[in-house]
Amino acid sequence: MAIFNFRSLGSGSSGNSYLFQTDEGFFLIDAGVAIRKIQKFLIETGVSASALKAIFLTHDHSDHSRNAGTLQMSAQKKGASLPIFATEKVFQGILENPAITKKPLTENIHFIEKEQPIDCCGCTITPFEVPHDSNDNVGYYIQHRDRRICLVTDAGEITD
C-alpha cells in the first residue's frame, strides 16, 4: 500500500505546522511552531530539513509562517533547495511582518493561485479561499491516489 501519512507538529496560537509523507517525499503545510520543535520532530522522524520537498503556507500570520525562511536557509546550507508555495499577498505579508525575522528567499518562492492544483510528492494539492483576517488565506485539498485530506486553519466563518 502507498504511504500517505499526516502529522500535526502544532496547532494553535503558539504555532501551526503539519508534516505530510508519501512514498515520494515529505512536505510541510505551515511552519509556525518553534524551529527547535520542527527540527527535533524531523530528526525523530528521520527527516532532515534538506529532505523536505516543499513548504505550503496558508497565510502570513507568524504563528503559521515564522520559520519557513529558517527552514529554507537550513536546507540551502546543506546544498538543497526548499521551495515555498504561497499566494503573492501572503508572501508580501511575510515580508512586511516584523515578527518574522528570517524572511524566505525570494528566488525560491512559488506563487500559487486559488483553485489551481500543484503537484508535490505524488499529491495533487489544491489551494482554496478561506475567510480570515490576514492578507490572504487558503486551505489545501490534498489528494494522494485514492486518499484525500482537507486542511483548513483559522477559518473566520464556515462557507459552502
Side-chain angles (χ1 to χ4, degrees), residues 4-22 25-45 47-75 80-106 108-114 116-121 123-144 148-156:
F4 185 54
N5 293 324
F6 163 79
R7 296 275 309 261
S8 173
L9 301 164
S11 179
S13 59
S14 63
N16 299 268
S17 189
Y18 313 93
L19 180 69
F20 289 81
Q21 176 189 14
T22 71
F26 299 86
F27 64 92
L28 285 175
I29 293 183
D30 287 341
V33 299
I35 190 63
R36 286 191 176 128
K37 184 175 182 178
I38 294 173
Q39 291 169 332
K40 181 179 182 226
F41 182 81
L42 292 175
I43 289 167
E44 289 171 356
T45 309
V47 182
S48 70
S50 60
L52 287 173
K53 302 291 186 194
I55 300 172
F56 292 83
L57 298 176
T58 58
H59 62 288
D60 60 340
H61 289 168
S62 62
D63 63 324
H64 290 263
S65 58
R66 89 177 107 228
N67 286 310
T70 303
L71 287 167
Q72 196 180 48
M73 289 176 219
S74 176
S81 175
L82 181 56
I84 296 176
F85 292 84
T87 68
E88 192 168 355
K89 287 181 182 177
V90 166
F91 181 63
Q92 190 60 42
I94 290 169
L95 293 179
E96 295 169 2
N97 188 335
I100 301 172
T101 56
K102 294 197 178 170
K103 309 293 185 194
L105 305 170
T106 56
N108 211 356
I109 293 293
H110 299 271
F111 295 130
I112 60 174
E113 298 288 331
K114 294 170 187 156
Q116 297 300 310
I118 303 139
D119 293 324
C120 180
C121 297
C123 294
T124 301
I125 303 166
T126 306
F128 57 89
E129 178 78 31
V130 173
H132 186 44
D133 65 349
S134 64
N135 283 328
D136 208 4
N137 201 57
V138 299
Y140 291 102
Y141 176 76
I142 302 142
Q143 182 164 353
H144 181 263
R148 294 171 289 286
I149 188 169
C150 184
L151 186 90
V152 178
T153 67
D154 294 17

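Below, each value reflects all heavy atoms present in this structure, side chains not excepted, and no hydrogens, waters or symmetry copies.
Applying the side-chain hydrogen bond (donor to acceptor under 3.5 Å, both in side chains) criterion to Ser62, with sequence neighbours excluded, gives no partner residue. A search for side-chain hydrogen bond (donor to acceptor under 3.5 Å, both in side chains) contacts involving Gln143 returns nothing, not counting sequence neighbours. Take Tyr140 and apply the side-chain hydrogen bond (donor to acceptor under 3.5 Å, both in side chains) test, not counting sequence neighbours, and it matches no residue. Taking Asn108 as the reference, Ser81, His110 meet the side-chain hydrogen bond (donor to acceptor under 3.5 Å, both in side chains) condition, with sequence neighbours excluded. Checked against salt bridge (charged side-chain N to carboxylate O under 4.0 Å, His left out), Glu113 has no partners two or more places apart in sequence or in another chain. Residues forming a ring pair (Phe, Tyr, Trp, His ring centres under 6.0 Å) with His59 (at least two apart in sequence, or on another chain): His61, His64, His132. For Phe4, the ring pair (Phe, Tyr, Trp, His ring centres under 6.0 Å) criterion is met by His144, not counting sequence neighbours. With sequence neighbours excluded, the residues forming a side-chain contact (heavy atoms from CB on, under 4.5 Å) with Lys40 are Glu44, listed by chain and number. Checked against ring pair (Phe, Tyr, Trp, His ring centres under 6.0 Å), Phe6 has the following partners two or more places apart in sequence or in another chain: Phe20.
With rounding to the nearest 0.5 Å, the separation of CG in Leu42 from NZ in Lys37 is 12.0 Å. Distance check: Tyr18 OH to Ile142 CD1 gives 11.0 Å after rounding to the nearest 0.5 Å.
For Phe56 and Phe27, the gap between ring centers is short of 6.0 Å.
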For side chain to side chain contact (heavy atoms under 4.5 Å, CB included), just list the numbers for Cys123 and Thr22, CA-CA rounded to whole Å, side-chain angles, deciding distance to a tenth of an Å, and then say yes or no.
CA-CA 8 Å; Cys123 294; Thr22 71; 3.5 Å; yes
What verdict does the side chain to side chain contact (heavy atoms under 4.5 Å, CB included) test give for Thr124 and Asp119, after you've listed the backbone C-alpha separation in whole Å, the side-chain angles of each residue and the deciding distance to 0.1 Å?
CA-CA 5 Å; Thr124 301; Asp119 293 324; 3.5 Å; yes
Test side chain to side chain contact (heavy atoms under 4.5 Å, CB included) applied to Phe111 and Ile109, step by step
CA-CA 6 Å; Phe111 295 130; Ile109 293 293; 3.7 Å; yes
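Judged by distance alone, the side chain of Asn97 and the main-chain N or O of Ala99 form a donor-acceptor pair under 3.5 Å. Looking only at distances, no side-chain donor or acceptor of Glu129 sits under 3.5 Å from a matching main-chain atom of Val138. Checked by atom type and distance alone, the side chain of Lys53 never pairs as donor or acceptor with a backbone atom of Cys120 at under 3.5 Å.
No side-chain heavy atom of Ile125 sits less than 4.5 Å from a side-chain heavy atom of Ile112. Here the side chains of Asp30 and Leu9 are not in contact, with every heavy-atom distance at 4.5 Å or above. Ile38 places a side-chain heavy atom less than 4.5 Å from the side chain of Leu71. With contacts defined as side-chain heavy-atom distances shorter than 4.5 Å, the pair Leu19/Phe26 qualifies.
Every pair tested for salt bridge (Lys or Arg N to Asp or Glu O under 4.0 Å) that includes a residue from residues 58-69 fails, sequence neighbours excluded, so the list is empty.
Taking each heavy atom of Ile100 and Ser65 in turn, the nearest pair found is CD1-OG, 3.3 Å.
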Report, one line per pair, each donor and acceptor closer than 3.5 Å where one atom sits in a side chain of residues 83-94; sequence neighbours left out.
{"from": "Thr87", "atom 1": "OG1", "to": "Val90", "atom 2": "N", "distance (Å)": "3.1"}
{"from": "Thr87", "atom 1": "OG1", "to": "Asp136", "atom 2": "OD2", "distance (Å)": "2.8"}
{"from": "Gln92", "atom 1": "NE2", "to": "Glu96", "atom 2": "OE2", "distance (Å)": "3.0"}

